[in-house]
Amino acid sequence: MSSFTEEQEALVLKSWGLMKKDAGDLGLKLFLRIFEIAPSVKKLFSFLSGGGGDAGEVPLSQNPKLKAHAKTVFVMTCQAAVELRKAGKAVGRGESSLKKLGATHFKYGITDAHFEVTRYALLETIKEAVPEEMWNEEMKDAWGVAYDHLVAAIKSEMHDNEFKET
């Protein structure tokens with residue numbers, strides 16, 4: 001995995017500064033794009049299926065639970081990218097949150113393909129969110145490397161959960 005350079009950190013910081021105020025909308029766009037690319041992913045989110053409520057009748061773009069989850073995920077992903085060089089590794093909000101993320105992703109059977117779809121959707125969401133002149137290969141690579149570090153940390157925790165189950 002590539003190291004996260006000072007130049008990449010600067011690009012991530014600059015773009016996150018522009019996106020932060022719209023994190024809720026951008027998080028929702030991210031998830032809607034994921035569901036568009038891989039519709040089967042929706043079934044991984046219990047709050048999107050019937051379950052006795054009317055969640056299945058509410059359009060995804062208006063689902064309050066999806067909106068809240070999407071914002072949390074987008075902010076956490078971006079914050080992890082921003083803090084990567086300072087921490088020297090991908091971190092969530094405290095080490096326990098990475099453990100929780102790993103356990104949750106393991107529990108739901110998240111695969112490499114899910115992470116790849118999310119990576120693509122994240123980069124496309126950021127591309128649309130920043131000014132056109134700001135988006136270039138360097139910016140794309142910076143966010144890609146940051147995402148890869150976060151996914152590696154989550155997968156490490158998933159792997160730890162796999163051993164706990166055997």
Side-chain angles (χ1 to χ4, degrees), residues 1-38 41-42 44-45 60 66-162:
M1 180 173 355
S2 305
S3 63
F4 193 60
T5 68
E6 211 171 311
E7 293 79 17
Q8 289 172 324
E9 177 187 39
L11 291 169
V12 166
L13 283 168
K14 185 175 181 181
S15 54
W16 175 233
L18 295 173
M19 295 186 293
K20 198 181 298 191
K21 69 184 182 315
D22 299 321
D25 291 339
L26 293 171
L28 184 59
K29 282 182 180 181
L30 168 66
F31 273 84
L32 293 176
R33 181 166 273 133
I34 290 168
F35 297 152
E36 183 182 305
I37 296 166
V41 170
K42 284 186 263 187
L44 297 173
F45 297 90
L60 286 175
L66 177 60
K67 285 181 174 185
H69 179 75
K71 180 177 182 178
T72 299
V73 169
F74 189 74
V75 169
M76 189 275 309
T77 301
C78 292
Q79 281 302 127
V82 165
E83 295 170 10
L84 182 58
R85 274 185 54 82
K86 180 172 48 174
K89 61 180 179 177
V91 293
R93 292 186 187 140
E95 290 298 315
S96 63
S97 71
L98 277 178
K99 290 188 186 315
K100 185 178 176 186
L101 279 171
T104 301
H105 283 78
F106 177 77
K107 174 182 168 187
Y108 288 102
I110 303 303
T111 66
D112 287 345
H114 294 120
F115 285 116
E116 283 305 310
V117 166
T118 303
R119 185 184 201 277
Y120 174 81
L122 176 68
L123 294 176
E124 288 296 305
T125 301
I126 294 169
K127 177 182 179 180
E128 290 177 10
V130 299
E132 189 177 334
E133 66 277 2
M134 183 185 268
W135 186 258
N136 55 33
E137 278 304 308
E138 290 79 17
M139 175 77 70
K140 180 180 178 181
D141 289 346
W143 278 102
V145 168
Y147 178 78
D148 292 345
H149 279 269
L150 178 59
V151 167
I154 293 170
K155 285 181 178 180
S156 173
E157 294 298 336
M158 287 173 68
H159 186 69
D160 288 352
N161 277 280
E162 185 177 30

For this session: List the steps, then state whether side-chain contact (heavy atoms from CB on, under 4.5 Å) holds for K140 with I126.
Result: CA-CA 9 Å; K140 180 180 178 181; I126 294 169; over 6 Å; no
Exercise. Does the pair L66 and F31 meet the rule for a side-chain contact (heavy atoms from CB on, under 4.5 Å), with working shown?
Worked result: CA-CA 8 Å; L66 177 60; F31 273 84; 4.1 Å; yes
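Once rounded to the nearest 0.5 Å, the distance linking CG of L84 with CD of E9 reads 8.0 Å. Taken from CH2 in W135 to CG in L11, the straight-line distance is 10.0 Å, to the nearest 0.5 Å. In this structure, D22 CG and K29 NZ are separated by 8.0 Å, a value rounded to the nearest 0.5 Å. A distance of 8.0 Å separates CG in D25 from NZ in K67, rounded to the nearest 0.5 Å. Atoms CH2 and CD, on W16 and Q79 in that order, are 6.0 Å from each other to the nearest 0.5 Å. With rounding to the nearest 0.5 angstrom, the CD1 atom of I110 is 10.0 Å from the CD1 atom of I154.
Under the 3.5 Å distance criterion, with hydrogens and angles disregarded, a donor-acceptor pair is assigned to the side chains of T111 and H114.
Side-chain atoms of T72 come within 3.5 Å of backbone N or O of A68 as a donor-acceptor pair.
Taking all atoms of both residues into account, the shortest heavy-atom contact from A80 to L150 is CB-CD1, 4.0 Å. The shortest heavy-atom contact between S3 and V145 is O-CG1, 3.8 Å. When every heavy atom of M134 is checked against every heavy atom of K14, the shortest pair comes out as CE-CE, 3.4 Å. In terms of heavy-atom proximity, H149 sits nearest to F4 at NE2-N, 4.3 Å. The nearest pair of heavy atoms linking K155 to D112 is NZ-OD1, 2.6 Å. What you find for S15 and W143 is that their closest heavy atoms are OG-NE1, 2.9 Å.
A heavy-atom distance below 4.5 Å is found between the side chains of L60 and F35. Y147 has its side chain within reach of F115: a pair of non-hydrogen atoms, C-beta onward, lies under 4.5 Å apart. Side-chain contact between E7 and E138 is absent, with no heavy-atom pair separated by less than 4.5 Å. Between R33 and T125, the closest side-chain pair of non-hydrogen atoms falls below 4.5 Å. Using a 4.5 Å cut-off on side-chain heavy atoms (C-beta onward), E128 and L26 make no contact.
Exactly one residue among T118, V73, L122 makes a side-chain contact (heavy atoms from CB on, under 4.5 Å) with I34. That residue is T118.
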